Amino acid sequence: MITIKTVKTKKELTQFVDFLYELFEGNPYFVPPLFMDEYNCLDKKKNAAFDFCEAEYFLACDENGKILGRVAAIINNKANERWQQKRVRFGWFDFVDNREVSAKLLDAVADYGRKHGMEEMVGPLGFTDLDKEGMLTEGFDQLGTMMTCYGAPYYKEHMHALEGMEIDVRYRETKLIAPKAIPEKYMKVGQMVEKRYNLHVYKPSRWDLLVKGVGKQVFELLNETYKDIYGYNDLSPKQINQYIAQYIPFVNPKFITIVRDHNTPDKKMVGFGLSIASLSYALQKTKKGRLFPFGWWHIVKTLFISKKSEVIDLLLIGVLPEYRAKGANALLFTDLIPYYIEAGCVWAETQVQLETNVNATSQWGPLDPIVHKRRECYVKKI
């Protein structure tokens with residue numbers, strides 16, 4: 001007999017987070033997220049998204065109390081208002097291969113949504129677009145990243161078997177083979193963009209990003225460039241400060257590029273590219289995502305000690321539409337690629353991109369792109 005339990009205590013929230021590590025323990029492609037990041041994201045007192053979000057967490061247990069699955073029910077009021085929808089999201093959705101478990105967990109999400117006046121449930125999604133999203137449907141034999149969620153092949157089978165559940169959007173993740181030199185197409189377009197439109201690359205220091213407000217400008221530009229992407233809502237100033245503190249201290253400034261318009265008095269920021277040495281292998285060496293006793297060392301070594309980075313994660317890329325049409329993206333690539341080559345990069349990994357977002361998926365042509373993972377997001381009327 002399967003029972004659904006609402007998470008109410010710190011101990012239960014720890015169990016909620018830990019279930020993922022136990023489910024995929026020993027899987028060579030699973031990249032465990034940092035426990036601290038997961039816990040803090042779900043903590044209603046610490047995550048700035050709770051200024052406009054509501055949530056409840058559920059665990060599925062057998063008659064002996066053993067945890068068999070988990071799910072988060074999330075209502076993002078800001079996104080619902082932005083997109084004129086009444087949707088409850090489901091995220092952190094993981095379960096053993098038992099269809100009663102997955103069905104009852106989603107029933108709990110639906111019940112929560114109906115009690116709050118929602119008409120549909122959708123997911124997997126997080127609180128915001130910067131959380132993990134989409135259920136893995138292809139690429140189970142490919143190494144995960146710290147910004148995406150892993151999943152078992154049976155997850156998709158469970159979703160497709162549920163009555164009334166439909167695919168809302170599809171995502172792809174792409175592997176980009178590192179070139180030995182800047183591709184000629186990027187080089188020509190980049191030179192043209194500089195000469196014709198007076199757009200130029202700016203390399204911020206960590207001090208610029210953390211203290212002088214450049215990091216804040218990057219996330220404000222993110223709000224502008226991502227505003228029309230599926231399910232997106234603007235990050236609040238409080239959220240921006242939280243993301244800056246969480247991510248910027250760990251990014252090598254060499255892997256950050258900003259494009260400015262020198263025709264404007266303040267040299268307006270019109271595009272950015274933010275990437276990081278992949279932490280996938282380092283995270284796999286942690287014990288259940290914990291920094292201690294030795295997990296911290298593998299992360300520090302990857303980020304600050306090792307001069308080589310065989311894999312680069314492309315975390316965020318954003319260019320204002322009017323400058324995207326001018327070819328400003330090429331400036332980002334012509335600047336970043338030499339740093340990747342210097343670091344010994346073999347390949348780079350994009351994050352999830354909507355299959356319908358042609359502007360994003362078409363820019364990788366000169367880098368021998370390989371779509372090696374796919375994801376789906378589902379919707380159901382409740």
Side-chain angles (χ1 to χ4, degrees), residues 1-7 16 19-20 23-24 53-61 67-77 79-80 82-129 131-140 148-173 229-233 352-357 371 373-382:
M1 178 178 172
I2 307 300
T3 58
I4 301 298
K5 179 172 68 173
T6 303
V7 171
F16 184 94
F19 175 74
L20 181 69
L23 184 63
F24 292 112
C53 287
E54 305 167 63
E56 201 77 85
Y57 314 131
F58 303 99
L59 293 169
C61 305
I67 297 173
L68 303 176
R70 67 174 190 173
V71 72
I74 301 165
I75 297 174
N76 183 323
N77 293 301
N80 279 342
R82 161 73 176 83
W83 296 97
Q84 294 296 294
Q85 296 169 331
K86 292 184 179 181
R87 287 183 160 185
V88 56
R89 303 177 172 199
F90 59 91
W92 285 266
F93 185 38
D94 297 285
F95 45 90
V96 299
D97 191 5
N98 180 321
R99 295 195 179 183
E100 183 183 359
V101 171
S102 57
K104 283 194 171 183
L105 285 168
L106 290 179
D107 284 345
V109 174
D111 288 342
Y112 177 81
R114 282 190 288 266
K115 289 176 182 176
H116 289 77
M118 300 297 105
E119 298 174 351
E120 296 178 314
M121 66 175 174
V122 62
L125 291 173
F127 297 97
T128 73
D129 199 60
D131 292 324
K132 298 169 184 178
E133 56 190 11
M135 180 174 287
L136 188 66
T137 57
E138 293 181 27
F140 303 101
T148 58
C149 49
Y150 192 68
Y154 62 79
Y155 280 22
K156 176 183 176 180
E157 296 172 7
H158 284 225
M159 299 304 293
H160 285 230
L162 286 170
E163 185 178 355
M165 191 69 73
E166 299 178 352
I167 298 171
D168 204 23
V169 293
R170 290 185 171 93
Y171 302 93
R172 64 171 63 175
E173 294 170 59
I229 291 179
Y230 172 83
Y232 188 80
N233 65 270
V352 296
Q353 295 179 310
L354 288 165
E355 286 195 349
T356 54
N357 188 353
V371 178
K373 299 174 196 168
R374 296 184 187 272
R375 296 178 183 274
E376 293 174 348
C377 193
Y378 306 93
V379 64
K380 180 180 179 180
K381 294 186 182 300
I382 58 173

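Residues: numbered from 1 along the sequence shown. The structure displayed is predicted, hence computed values, not measured ones.
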Sequence neighbours excluded, which residues qualify as salt bridge (Lys or Arg N to Asp or Glu O under 4.0 Å) partners of [X]?
X	result
Glu166	none
Glu54	none
Asp131	none
Arg87	Glu120, Asp168

Acceptor/donor pairs from residues 375-382 side chains to any protein atom, 3.5 angstrom cut, sequence neighbours excluded:
| residue | atom | partner | partner atom | Å |
| --- | --- | --- | --- | --- |
| Arg375 | NE | Glu173 | OE2 | 2.5 |
| Arg375 | NH1 | Gly134 | O | 3.2 |
| Arg375 | NH1 | Cys149 | O | 2.8 |
| Arg375 | NH2 | Cys149 | O | 2.9 |
| Arg375 | NH2 | Glu173 | OE2 | 3.1 |
| Glu376 | OE1 | His160 | NE2 | 3.0 |
| Glu376 | OE1 | Tyr378 | OH | 2.5 |
| Lys380 | NZ | Glu163 | O | 3.1 |

Among residues at least two apart in sequence or on other chains, which ones pass ring-ring contact (aromatic ring centres under 6.0 Å, His included) with Phe127?
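Only Phe50, Trp92 meet the ring-ring contact (aromatic ring centres under 6.0 Å, His included) criterion with Phe127.
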Spacing of [X] atom [atom1] and [Y] atom [atom2] [to the nearest 0.5 Å]:
X	Y	atom1	atom2	answer
Leu68	Asn98	CG	CG	7.0 Å
Leu59	Ile4	CG	CD1	8.5 Å
Arg89	Cys53	CZ	SG	7.0 Å
Asn77	Arg82	CG	CZ	15.5 Å
Asn233	Asp129	CG	CG	8.5 Å
Ile2	Glu100	CD1	CD	5.0 Å

Are any non-hydrogen side-chain atoms of [X] and [Y] less than 4.5 angstrom apart?
X	Y	answer
Val169	Thr356	no
Thr6	Glu56	yes
Ile67	Phe16	no
Ile74	Phe90	no

Can you give me the closest heavy-atom contact between [X] and [Y], atom names plus distance?
X	Y	answer
Ala60	Val101	CB-CG1, 3.8 Å
Met121	Leu106	SD-O, 3.7 Å
Phe58	Ala73	CE1-CB, 3.9 Å
Leu162	Ala103	CD2-CB, 4.2 Å

Derivation of the side chain to side chain contact (heavy atoms under 4.5 Å, CB included) call for Lys373 and Val371:
CA-CA 6 Å; Lys373 299 174 196 168; Val371 178; over 6 Å; no
Under 6.0 Å from the six-membered ring centre of Phe19 and within 45° of its axis: does the NZ or CZ of Arg70 meet both?
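Checked: cation-pi criterion not met.
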Contacts of [X] that satisfy side-chain contact (heavy atoms from CB on, under 4.5 Å) - sequence neighbours left out:
X	answer
Asp111	Arg114
Lys86	Met118, Glu119
Asp97	Tyr154, His158
Phe24	Leu20, Asn27, Phe30, Asp94, Tyr150, Ala152, Tyr155

Applying side-chain hydrogen bond (donor to acceptor under 3.5 Å, both in side chains), can you list everything that pairs with Arg99, at least two apart in sequence or on another chain?
none
Glu355 meets the side-chain hydrogen bond (donor to acceptor under 3.5 Å, both in side chains) criterion, sequence neighbours left out, with Arg374
Donor-acceptor contact below 3.5 Å, side chain Trp83 vs main chain Tyr232:
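Yes: the side chain of Trp83 pairs with the backbone of Tyr232.
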For Phe93 together with Phe95, are the ring centres under 6.0 Å from each other?
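Ring centroids of Phe95 and Phe93 are less than 6.0 Å from each other.
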